[in-house]
Amino acid sequence: MKYLIDTHVFLWALMDTSKLSQRIYDILEDDRNKVFISPMSFWEIAIKSQNGKLKLEGIPVIHLPHIAEQMDFLTLTPSAYDYVSIAQIPLKDNHHDPFDRMLIQQAIRNDLVLISKDEKFREYEENGLQLLWE
């Protein structure tokens with residue numbers, strides 16, 4: 001299977017695997033699966049780290065792509081169409097986060113199952129999002 005992990009899933013896999021369900025942990029560890037991380041996640045982490053909203057426990061942000069590679073996560077290579085096609089998914093009343101919306105659109109466009117605990121993402125299943133948590 002092919003998966004795209006939400007930013008928090010990457011951070012939990014990196015710093016606190018106890019926050020992952022056994023099912024998600026097994027998916028991330030299974031070599032038969034292709035697990036992607038979006039460059040948007042690296043950007044989101046860098047911004048939140050810089051403004052003090054996220055502490056990386058001594059891990060330099062600049063090393064995150066390499067660390068993800070060491071964890072056997074593949075970096076998704078978005079096309080320009082991934083960015084402009086975000087306009088194809090509706091804005092939901094309580095969900096305007098551009099990082100989340102890009103991950104949702106990348107998962108839909110690239111036929112990836114999005115692994116996320118974010119309950120707001122369920123609203124996008126009607127738009128073709130394949131979502132997995134428990």
Side-chain angles (χ1 to χ4, degrees):
M1 289 284 298
K2 297 186 316 180
Y3 300 92
L4 176 63
I5 56 174
D6 196 350
T7 306
H8 66 269
V9 175
F10 172 63
L11 291 170
W12 292 349
L14 176 64
M15 298 189 301
D16 189 359
T17 56
S18 69
K19 292 184 177 182
L20 300 172
S21 70
Q22 187 63 49
R23 180 178 183 193
I24 299 304
Y25 181 83
D26 291 344
I27 287 170
L28 299 180
E29 291 294 315
D30 189 336
D31 291 337
R32 295 172 294 181
N33 294 325
K34 288 187 175 185
V35 180
F36 292 89
I37 183 167
S38 172
M40 293 296 291
S41 290
F42 297 130
W43 189 30
E44 179 180 16
I45 292 167
I47 290 170
K48 289 182 177 180
S49 176
Q50 185 177 43
N51 68 21
K53 290 184 178 180
L54 176 65
K55 303 242 184 290
L56 291 176
E57 301 175 14
I59 300 169
V61 173
I62 196 75
H63 293 166
L64 290 178
H66 179 69
I67 292 169
E69 185 179 303
Q70 289 178 324
M71 296 172 75
D72 292 324
F73 297 150
L74 306 166
T75 300
L76 189 66
T77 307
S79 74
Y81 291 101
D82 285 319
Y83 294 96
V84 298
S85 66
I86 197 169
Q88 293 178 331
I89 59 173
L91 281 171
K92 304 293 182 170
D93 288 337
N94 65 345
H95 197 235
H96 296 269
D97 184 307
F99 297 110
D100 288 351
R101 291 178 47 76
M102 180 54 96
L103 291 177
I104 291 164
Q105 184 58 14
Q106 287 177 328
I108 293 169
R109 271 191 49 82
N110 293 284
D111 195 28
L112 302 171
V113 176
L114 181 59
I115 299 176
S116 178
K117 190 174 183 172
D118 192 329
E119 287 295 321
K120 293 177 188 173
F121 287 15
R122 294 240 173 262
E123 296 180 41
Y124 296 92
E125 289 178 317
E126 66 189 19
N127 302 103
L129 178 65
Q130 301 170 74
L131 185 62
L132 177 67
W133 182 247
E134 296 297 331

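Sequential numbering from 1 along the given sequence is applied to the chain's residues. These numbers come from a predicted model, not from an experiment.
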Any link between [X] and [Y] through a network of hydrophobic side chains (Ile, Leu, Val, Met, Phe, Trp, Tyr) touching at under 4.5 Å?
{"X": "I67", "Y": "V9", "value": "yes"}
{"X": "I47", "Y": "Y83", "value": "yes"}
{"X": "Y25", "Y": "I115", "value": "yes"}

Are side-chain heavy atoms of [X] and [Y] found at a separation under 4.5 Å?
{"X": "L132", "Y": "I24", "answer": "yes"}
{"X": "Y81", "Y": "I86", "answer": "no"}
{"X": "P78", "Y": "M102", "answer": "no"}
{"X": "L76", "Y": "D82", "answer": "no"}
{"X": "F10", "Y": "M71", "answer": "yes"}
{"X": "W12", "Y": "T17", "answer": "no"}

Where is the tightest heavy-atom contact between [X] and [Y], given as atom of each residue plus distance?
{"X": "L14", "Y": "I59", "answer": "CD2-CD1, 3.8 Å"}
{"X": "L64", "Y": "L56", "answer": "CD1-CD1, 4.2 Å"}
{"X": "K2", "Y": "D111", "answer": "CE-O, 4.1 Å"}
{"X": "F42", "Y": "A68", "answer": "CZ-CB, 3.9 Å"}
{"X": "R101", "Y": "I89", "answer": "NH2-O, 3.2 Å"}
{"X": "S116", "Y": "W133", "answer": "O-CB, 3.3 Å"}

Drop me the distance from [X]'s [atom1] to [Y]'s [atom2], to the nearest 0.5 angstrom.
{"X": "N127", "Y": "Q105", "atom1": "CG", "atom2": "CD", "value": "9.0 Å"}
{"X": "R109", "Y": "L4", "atom1": "CZ", "atom2": "CG", "value": "13.5 Å"}
{"X": "K120", "Y": "D118", "atom1": "NZ", "atom2": "CG", "value": "6.5 Å"}
{"X": "L112", "Y": "I104", "atom1": "CG", "atom2": "CD1", "value": "13.5 Å"}
{"X": "Q22", "Y": "L20", "atom1": "CD", "atom2": "CG", "value": "9.5 Å"}
{"X": "L11", "Y": "K55", "atom1": "CG", "atom2": "NZ", "value": "14.0 Å"}

Would you say [atom1] of [X] has more than 12 non-hydrogen atoms from neighbouring residues, nucleotides or ligands within 6.0 angstrom?
{"X": "Q70", "atom1": "CD", "answer": "yes"}
{"X": "I62", "atom1": "CD1", "answer": "no"}
{"X": "E69", "atom1": "CD", "answer": "no"}

Only pairs at least two apart or in different chains count here, so list each ring-ring contact (aromatic ring centres under 6.0 Å, His included) that has a residue in residues 98-126.
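Qualifying pairs: W43-F99, H95-F121, H95-Y124.
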Validation: residues 28-39 side-chain donor-acceptor distances under 3.5 Å, sequence neighbours left out:
unit_1: D30; atom_1: OD1; unit_2: R32; atom_2: N; d: 2.9
unit_1: D30; atom_1: OD1; unit_2: R32; atom_2: NE; d: 3.0
unit_1: D30; atom_1: OD2; unit_2: R32; atom_2: NE; d: 3.3
unit_1: D30; atom_1: OD2; unit_2: R32; atom_2: NH2; d: 2.7
unit_1: N33; atom_1: OD1; unit_2: M1; atom_2: N; d: 3.4
unit_1: N33; atom_1: ND2; unit_2: I27; atom_2: O; d: 3.0
unit_1: S38; atom_1: OG; unit_2: M40; atom_2: N; d: 3.0
unit_1: S38; atom_1: OG; unit_2: Q106; atom_2: OE1; d: 2.6

